[in-house]
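Reading through the structure tokens given below for one structure.
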Amino acid sequence: MKKIQEEQLENQDIEIRLLVEGLYQKYGYDFRNYSQAHVKRRILNRFNLSGMKHISDMIHESIYNHKFVDQLLMDLSITVTEMFRDPTFYKALREEVMPVLRTYPSIKIWHAGCASGEEVYSMAIMLKEEGLYGKTQIYATDFNPVIIKQAKDGIYPIGRMKEFTMNYQKSGGKGSFSDYYTANYESAKLLDVLKKNIVFATHNLVTDSVFAEVNLVVCRNVLIYFDRELQDKVIRLFVDSLPSGGILCLGSKENLQFSDHYTKFNPLIPKERIYIKKYQL
Amino acid sequence: MSQKKRYEAIVIGSSAGGLNALKVLLHGLSEGFNIPLIIVQHISADSENYLIQILNDIRKLQVKEADEKEQPMPGMAYLAPPNYHLLLEPDRTFTLTIDERVNYARPSIDVLFETAAEAYKDKLIGIILTGANNDGSKGLKKIKDFGGLTIVQDPETAEVASMPRAAILTSAVDQIIPLEEIAPFLNSLTDMNPKS
Ligand SMILES: C[S@@+](CC[C@H](N)C(=O)[O-])C[C@H]1O[C@@H](n2cnc3c(N)ncnc32)[C@H](O)[C@@H]1O
């Protein structure tokens, strides 16, 4: 019995590797160095929902059926996010990082892997309250075009506003959160003034390169899906995008410590995974 | 069961009533217990991980939160962080994800057990303790399918019986034993392991 299970596992893994390879060759989406256990779970989820007979059938489907690929890309993206996620992080940003940014004549910020944009609008609100929004340019990128479109719209289910409001308050918000959106029965739309200095664009951290020098990179809960090699490659992108003294923010469970590039940063607020790029040695 | 079999990891799932059950289990382990423990205890999303502190005070194993890319080591117990799923990679390192909840839970026991079963195959022990839902049942079955050893806390001795009961209904488990007897049973297995 054990042997059958192991052979099935081996076969499954081969089929999944071929599917991932196919996605890369056909569309350039490169999941080859994502966490294997994670990619497998997502693909098998889709397989179970699809009613297909073999995992390999998904290879054919993903090459010929664009709807299916969009679906699969969504499955592999994990776009779960919220406004002011981890309020203590935003509190630290407000109290420790904003004062640094304030000293600059102009500010550039890159949100990498911004999903549906909640994180970006959280930043915009904070910048506004700190009186810094006017001199800021924000680049908000994600490799998933569907989710970037949603980010641009900035429309969220009304049901989420309670949670967002609580996060906002815990993060040290200075105003009333409801001033930042207009609501109807189903949804809340963030104000256009928040969008004024934000550019939304698709950008793939695995296959695309540096596009601007920025003072602050925010890349949260993206690297956890990558294997160590890929993490290093992406952190390299951030190193190259930041000047000395530039700031890098990762997710609460992401760590620079094991990266090859660790020596290029000093921890600024270790608990919140906020790092500062060293001045040239 | 073969006398020579060596186990390389133990995964544990607990929910309602889990804190007390985990305390009893850890207390009962012998000094120098040398199989790593990997634990999913259902816990609310914004709780600081106070559990770690409490379990660490028992001083049998060093208890810490599982870090991404970390490799489980003997003498250690790892807890899934609140609000993240904990997965094992084929190379036996941890991955954390924020995918949607599974069985209404994040971390989910099934997610840990299913990925651990593939990583450790027949070198794995899976344990389901007290709890109020059915998370972990599918995962425990998978551990069994891959030749691992499966243990369920006797529902009669569980603070909340439904999770162990669901596990027993889902697959043929190897041991259904009272909470107090789980640690001695595990000790008896590691005695067969060469001293590290
Ligand atoms: C879990 S979300 C994180 C959203 C937000 N940063 C947060 O922390 O709440 C991960 C995002 O990373 C994006 N992503 C995954 N791989 C990527 C890649 N190679 N390049 C750019 N974005 C990627 C996904 O599409 C998804 O929107």
Side-chain angles (χ1 to χ4, degrees), chain A residues 1-10 12-13 16-17 33-42 44-45 48 75-82 85-88 113 115 163 166-167 170 220-232 250-259 271 273, chain B residues 2 5 45-46 48-49 64-71 78-102 106-108 110-124 138-139 141-149 171-172:
Chain A
M1 177 158 94
K2 185 184 81 194
K3 281 285 163 274
I4 296 175
Q5 294 292 339
E6 286 189 21
E7 186 173 350
Q8 273 178 3
L9 174 63
E10 204 176 285
Q12 264 187 358
D13 287 349
I16 287 170
R17 273 199 299 277
N33 287 86
Y34 280 50
S35 142
Q36 280 182 51
H38 161 70
V39 165
K40 179 169 185 175
R41 268 184 56 76
R42 303 305 293 179
L44 290 184
N45 261 351
N48 290 331
D75 292 333
L76 291 167
S77 288
I78 315 296
T79 55
V80 180
T81 186
E82 57 195 70
R85 171 186 234 157
D86 308 319
T88 55
E163 173 199 5
M166 270 168 47
N167 283 352
K170 279 193 224 161
R220 309 192 74 221
N221 304 305
V222 181
L223 295 182
I224 39 171
Y225 294 102
F226 297 173
D227 73 12
R228 180 149 292 154
E229 191 186 323
L230 188 52
Q231 287 184 345
D232 264 341
L250 303 179
S252 1
K253 301 298 171 200
E254 290 164 332
N255 226 316
L256 213 52
Q257 210 166 316
F258 305 109
S259 156
K271 187 173 167 284
R273 314 296 200 222
Chain B
S2 143
K5 188 148 178 178
D46 51 5
E48 286 286 324
N49 217 340
K64 73 182 288 290
E65 196 172 273
D67 274 320
E68 58 140 2
K69 308 283 187 283
E70 189 174 21
Q71 184 142 33
Y78 303 87
L79 274 164
N83 217 14
Y84 288 79
H85 288 304
L86 175 61
L87 291 76
L88 270 153
E89 292 293 319
D91 70 356
R92 298 183 174 179
T93 57
F94 292 133
T95 284
L96 300 172
T97 77
I98 42 174
D99 305 19
E100 52 271 18
R101 290 158 182 273
V102 174
R106 186 174 54 216
S108 145
D110 274 338
V111 170
L112 171 66
F113 280 22
E114 287 175 5
T115 53
E118 294 193 1
Y120 285 95
K121 310 205 174 61
D122 64 346
K123 302 289 194 295
L124 184 67
K138 274 173 61 191
K141 176 171 189 309
K142 184 150 178 181
I143 292 173
K144 177 84 181 159
D145 288 345
F146 276 87
L149 178 69
S171 64

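Letters A, B, ... are given to chains in the order of the sequence lines, protein chains preceding strands, and every chain is numbered from 1. In this text the structure is predicted, and so the values were computed from the model without any measurement.
- Contacts of A:K253 classified as salt bridge (charged side-chain N to carboxylate O under 4.0 Å, His left out), with partners at least two apart in sequence or in another chain: B:E65.
- Taking B:E70 as the reference, B:K64 meet the salt bridge (charged side-chain N to carboxylate O under 4.0 Å, His left out) condition, with sequence neighbours excluded.
- Neither the backbone nor the side chain of A:Y34 comes within contact range of chain B, judged by heavy atoms closer than 4.5 Å.
- Of all heavy-atom pairs between B:I98 and A:R85, the closest is CD1-NH2, 3.0 Å.
- B:H85 has its side chain out of reach of A:R41: every pair of non-hydrogen atoms, C-beta onward, lies at least 4.5 Å apart.
- Side chain of B:E89 to backbone of A:Q36: a donor-acceptor contact under 3.5 angstrom is found.
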For this session: List the steps, then state whether side-chain contact (heavy atoms from CB on, under 4.5 Å) holds for B:Y84 with A:S252.
Result: CA-CA 11 Å; B:Y84 288 79; A:S252 1; 3.8 Å; yes

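- The candidate from B:D99, B:T95, B:L87 with the greatest count of non-hydrogen atom pairs under 4.5 Å with chain A is B:D99.
- In this structure, chain A has a heavy atom under 4.5 Å from the side chain of B:T115, while its backbone stays farther away.
- Atom-to-atom distance recorded for B:N83:CG and A:D86:CG is 8.5 Å, nearest 0.5 angstrom.
- Looking at A:I78, the atoms closer than 4.5 Å to chain B (heavy atoms on both sides) all sit in the side chain, from C-beta outward.
- The CD atom of A:Q257 lies 8.5 Å from the CG atom of B:D67; values are rounded to the nearest 0.5 Å.
- For B:K69, the NZ atom counts as densely surrounded, since its 6.0 Å shell holds more than 12 non-hydrogen atoms of other residues, nucleotides or ligands.
- Among B:K142, B:E114, B:K121, the residue with the largest count of heavy-atom pairs under 4.5 Å with chain A is B:K121.
- What you find for A:A37 and B:P90 is that their closest heavy atoms are N-CD, 4.4 Å.
- Side-chain contact check for B:E68 and A:Q231: at least one donor-acceptor pair (N or O, by modelled atom type) lies under 3.5 Å.
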